[in-house]
Enquirer: 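Just dropping this structure here.
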Amino acid sequence: GDSLRAEAHRILREVDPSQRGVHPRKIADLIQREGYRISGRADDKTANVRSTIGYGSKSAPLFRAVANGLYTWK
């Protein structure tokens with residue numbers, strides 16, 4: 001959880017400097033392209049990323065939801 005949040009935050013700061021928002025599927029793809037392994041049995045890691053950055057007290061200071069299921073960094 002914590003390391004995935006850190007990677008997602010780093011990626012979002014790089015690819016979304018204007019904070020318009022990025023879909024969790026793209027975030028998952030970018031993280032995996034850099035060699036980071038996202039745990040879980042499903043091939044599609046979108047749900048893992050969405051739950052890690054979209055919910056909970058640890059994600060609130062780092063991410064914010066934008067319209068239509070997009071997320072960006074704080």
Side-chain angles (χ1 to χ4, degrees):
D2 290 341
S3 61
L4 179 55
R5 264 187 294 282
E7 282 299 305
H9 193 262
R10 183 184 65 76
I11 290 286
L12 281 170
R13 289 180 61 101
E14 288 178 12
V15 302
D16 190 25
S18 61
Q19 296 180 302
R20 295 184 190 274
V22 178
H23 192 276
R25 180 173 290 124
K26 182 170 182 171
I27 299 168
D29 182 54
L30 292 168
I31 289 171
Q32 290 177 306
R33 282 186 192 183
E34 291 199 1
Y36 184 90
R37 184 180 172 279
I38 300 173
S39 64
R41 291 185 177 206
D43 290 335
D44 182 4
K45 305 301 184 188
T46 303
N48 300 53
V49 170
R50 185 183 301 117
S51 67
T52 301
I53 69 172
Y55 307 101
S57 60
K58 289 185 176 183
S59 64
L62 299 173
F63 306 98
R64 69 180 174 89
V66 184
N68 300 322
L70 305 178
Y71 292 87
T72 192
W73 55 278
K74 285 186 181 177

Enquirer: Salt bridge check, Arg33 against Asp29: does any charged N sit closer than 4.0 Å to a carboxylate O?
Expert: yes
Enquirer: Report the distance from atom CG of Leu12 to atom OG1 of Thr72, rounding to the nearest 0.5 Å.
Expert: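 Going from CG on Leu12 over to OG1 on Thr72, the span is 5.5 Å.
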Enquirer: Arg50 versus His23: any side-chain heavy-atom pair under 4.5 Å?
Expert: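 Yes. Closest side-chain heavy atoms under 4.5 Å.
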Enquirer: If we ignore hydrogens and angles and just use 3.5 Å, is the side chain of Trp73 paired with the main-chain N or O of Asp16 as donor and acceptor?
Expert: yes
Enquirer: List for me each residue that meets side chain to side chain donor-acceptor pair (under 3.5 Å) alongside Arg10, sequence neighbours excluded, and say none if there are none.
Expert: Glu7, Glu14, Glu34
Enquirer: Does the side chain of Leu70 come within less than 4.5 Å of Arg20's, by heavy atoms?
Expert: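 They are not in side-chain contact.
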Enquirer: Considering all heavy atoms of both residues, which atom of Lys58 and which atom of Pro61 are nearest to each other, and what is their separation?
Expert: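 Closest approach of Lys58 to Pro61: O-CD, 3.5 Å.
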Enquirer: Which heavy atom of Ile27 sits nearest a heavy atom of Ala8, and at what distance?
Expert: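 Between these two residues, the closest heavy atoms are CG2-CB, 4.1 Å.
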Enquirer: Under the 3.5 angstrom rule, does the side chain of Lys74 hit a backbone N or O of Arg64 as a donor-acceptor pair?
Expert: no
Enquirer: May I ask whether Val15 and Tyr36 are part of the same hydrophobic cluster, defined by side-chain heavy atoms of I, L, V, M, F, W, Y residues being less than 4.5 angstrom apart, directly or through others?
Expert: yes
Enquirer: Test of understanding: with side chain to side chain donor-acceptor pair (under 3.5 Å), list the residues that count as partners of Arg37, not counting sequence neighbours.
Expert: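 Expected list: none.
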Enquirer: Contact between Asp44 and Arg25 at the side-chain level, heavy atoms closer than 4.5 Å - yes or no?
Expert: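 Asp44 reaches Arg25 side chain to side chain.
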Enquirer: Please answer: with hydrophobic residues joined when any side-chain heavy atoms are less than 4.5 Å apart, are Ile53 and Leu62 in the same cluster?
Expert: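 Both belong to a single hydrophobic cluster.
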Enquirer: Nearest 0.5 Å, please: how far is OG in Ser59 from NE2 in His9?
Expert: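 Those atoms lie 11.0 Å apart.
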Enquirer: Among all residues two or more places apart in sequence or in another chain, which pass the salt bridge (Lys or Arg N to Asp or Glu O under 4.0 Å) test with Arg5?
Expert: Asp2
Enquirer: Is Leu4 close to Ile31 at the side-chain level, that is, under 4.5 Å between some pair of heavy atoms?
Expert: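 Of all side-chain heavy-atom pairs linking Leu4 with Ile31, at least one is under 4.5 Å.
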Enquirer: Closest heavy-atom contact between Pro24 and Val49?
Expert: O-CG1, 4.0 Å
